[in-house]
Q: 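What follows is a single structure, and I will ask about it in a moment.
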Amino acid sequence: MQIEGFLWFTALLVPLTFLQRILHREIQSVFLILTRDARLTIGIFQIIFLPGVFLHEASHFLMAKILRVQTGRFSVIPKALPDGRLQLGYVETAKSDILRDSVIGAAPLIFGTLFVAFAAIKRLEMDVLWETLQNGQFNLFWMGVGVLPRVQDFWLWFYLVFTVSSTMTPSASDRNAWLELVISVGVLLAIALLAGAGPWMLNNVAPFLSNFLSSVAVIFGLSVIVHIVLVLPTAIVHKLLARITGVDAI
């Protein structure tokens with residue numbers, strides 16, 4: 001099926017975004033209960049996610065430079081927004097056309113996915129686990145999972161994968177130009193279909209795009225697993241602290 005890659009891409013991006021928000025909220029709640037200080041909690045939260053935040057903002061900056069779009073101030077200092085959300089960092093970029101603005105907005109997802117793929121394959125050797133899973137060798141797969149923590153510098157790379165994958169989703173401001181781009185691409189696609197290019201696109205473009213999105217979906221799947229592993233114990237700690245102290249943070 002030519003849209004299989006797109007379906008997997010969407011099916012894993014949505015829960016990843018949802019799990020990110022839950023995990024961020026649970027971590028903030030834990031430290032807010034422990035410190036009773038919102039500023040200190042924000043500071044601790046920033047330190048935990050600093051590698052991911054830095055890559056997120058550096059991705060915007062680098063992509064803007066590649067696309068020859070003027071940049072302004074660069075910051076990874078957290079700031080509470082009027083609507084209650086926490087802004088972990090920002091990069092000022094000049095307004096450009098919808099294509100370049102969209103690519104700059106998507107840069108953290110692009111660079112973050114590449115980093116997670118590099119860490120998983122080159123440092124954690126998880127491509128071997130993926131092959132055993134694809135071949136249906138479930139016993140070997142679970143054996144591999146059991147020895148995974150023995151890989152050199154496992155906990156360092158696990159932490160980096162966590163922080164990067166948890167901050168690589170584009171923010172609302174990053175997605176400002178996406179709607180215009182989607183509409184524009186939709187119009188061009190409709191014109192191509194009306195011109196009779198549908199069969200050629202189905203045979204030549206769709207398979208490549210589907211395979212590419214399937215590969216990206218695998219990385220999203222890994223990120224989802226990492227978040228699930230961390231969400232459950234963090235939520236339990238949150239509930240225990242709330243019960244012990246009689247104080248909760250929502």
Side-chain angles (χ1 to χ4, degrees), residues 5-6 8-25 27 45-67 69 71 74-78 85-93 99-127 129-130 153-178 181 209 211-231:
F6 174 77
W8 277 113
F9 177 89
T10 305
L12 289 167
L13 179 59
V14 171
L16 175 59
T17 303
F18 180 69
L19 286 167
Q20 284 175 357
R21 292 176 181 174
I22 293 178
L23 184 56
H24 291 183
R25 184 187 66 199
I27 291 174
F45 188 84
Q46 175 68 11
I47 291 172
I48 292 173
F49 288 96
L50 184 59
V53 173
F54 179 80
L55 181 60
H56 183 112
E57 304 306 338
S59 299
H60 287 312
F61 183 84
L62 180 58
M63 188 62 75
K65 290 299 184 184
I66 292 172
L67 298 177
V69 175
T71 58
F74 182 112
S75 174
V76 291
I77 305 300
R85 292 183 299 114
L86 180 63
Q87 182 186 59
L88 295 177
Y90 66 87
V91 174
E92 293 179 343
T93 59
L99 179 58
R100 286 189 290 177
D101 285 347
S102 296
V103 174
I104 292 171
L109 193 60
I110 297 170
F111 284 95
T113 299
L114 290 174
F115 178 85
V116 173
F118 167 79
I121 296 172
K122 296 299 183 180
R123 291 293 178 263
L124 300 178
E125 301 177 3
M126 295 191 69
D127 53 327
L129 286 178
W130 178 243
D153 298 324
F154 169 80
W155 292 110
L156 171 62
W157 288 102
F158 180 86
Y159 163 69
L160 291 175
V161 166
F162 155 61
T163 60
V164 170
S165 64
S166 198
T167 53
M168 68 182 183
T169 305
S171 63
S173 60
D174 296 337
R175 303 190 300 266
N176 281 339
W178 288 15
L181 181 63
L209 185 60
N211 290 334
F212 171 75
L213 292 177
S214 294
S215 299
V216 175
V218 171
I219 304 303
F220 287 173
L222 171 61
S223 301
V224 166
I225 292 171
V226 169
H227 279 73
I228 290 175
V229 167
L230 294 172
V231 161

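Throughout, numbering of the chain's residues begins at 1 and tracks the sequence.
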Q: So which heavy atom on Gly112 is nearest to which on Leu55, and how close?
A: CA-CD2, 4.3 Å

Q: Could you pull out the closest heavy-atom pair between Pro108 and Gly105, with the gap in Å?
A: CD-O, 3.4 Å

Q: Parallel, tilted or perpendicular: which fits the ring planes of Phe115 and Phe118, with parallel below 30° and perpendicular above 60°?
A: tilted

Q: As an exercise, state the distance from CD1 of Ile22 to CG of Leu230, rounded to the nearest 0.5 Å.
A: 13.0 Å

Q: Return the CG to CD1 distance between Leu19 and Ile228, rounded to the nearest 0.5 Å.
A: 5.5 Å

Q: Where is the tightest heavy-atom contact between Ser166 and His24, given as atom of each residue plus distance?
A: OG-NE2, 2.7 Å

Q: Please find the pair of heavy atoms, one from Val161 and one from Ala119, that lie closest to each other, and give the distance.
A: CG2-CB, 3.6 Å

Q: Can a donor-acceptor pair be found, under 3.5 Å and without considering hydrogens, that links the side chain of His60 to the backbone of Val91?
A: no

Q: Work out which heavy atom in Thr113 is nearest to a heavy atom in Met168; give both atom names and the distance.
A: N-SD, 3.8 Å

Q: Take a 6.0 Å sphere around OH of Tyr90 and say whether it holds more than 12 heavy atoms from other residues, nucleotides or ligands.
A: yes

Q: Within this structure, what is the NE2-CZ distance for the pair His227 and Arg21, rounded to the nearest 0.5 Å?
A: 12.0 Å

Q: To the nearest 0.5 Å, what is the distance between OG (Ser165) and CG (Leu109)?
A: 11.0 Å

Q: With under 30° as parallel and over 60° as perpendicular, where do the rings of Phe49 and Phe162 fit, or are they tilted in between?
A: tilted

Q: Are the side chain of Gln46 and the backbone N or O of Gly89 linked by a donor-acceptor pair below 3.5 Å?
A: no

Q: Atom CD1 of Ile219 and atom CG of Leu114: how far apart are they, to the nearest 0.5 Å?
A: 9.0 Å

Q: Going by the angle between their ring planes, with limits at 30° and 60°, are Phe9 and Phe220 parallel, tilted or perpendicular?
A: tilted

Q: More than 12 heavy atoms of other residues, nucleotides or ligands under 6.0 Å from CZ of Phe74: yes or no?
A: yes

Q: How many angstroms lie between atom OG1 of Thr93 and atom NZ of Lys65, to the nearest 0.5 angstrom?
A: 11.0 Å

Q: For the pair Arg123 and Asp153, evaluate side chain to side chain contact (heavy atoms under 4.5 Å, CB included) and give the outcome as yes or no after the intermediate values.
A: CA-CA 8 Å; Arg123 291 293 178 263; Asp153 298 324; over 6 Å; no

Q: Ignoring hydrogens, what is the shortest heavy-atom contact between Ser59 and Ala107? Give both atom names and the distance.
A: O-CB, 3.4 Å

Q: Would you confirm whether Thr167, through its side chain, and Gly52, through its main-chain N or O, come within 3.5 Å as a donor-acceptor pair?
A: yes

Q: Relative to the ring of Phe158, is the ring of Trp155 parallel (under 30°), tilted (30 to 60°) or perpendicular (over 60°)?
A: perpendicular

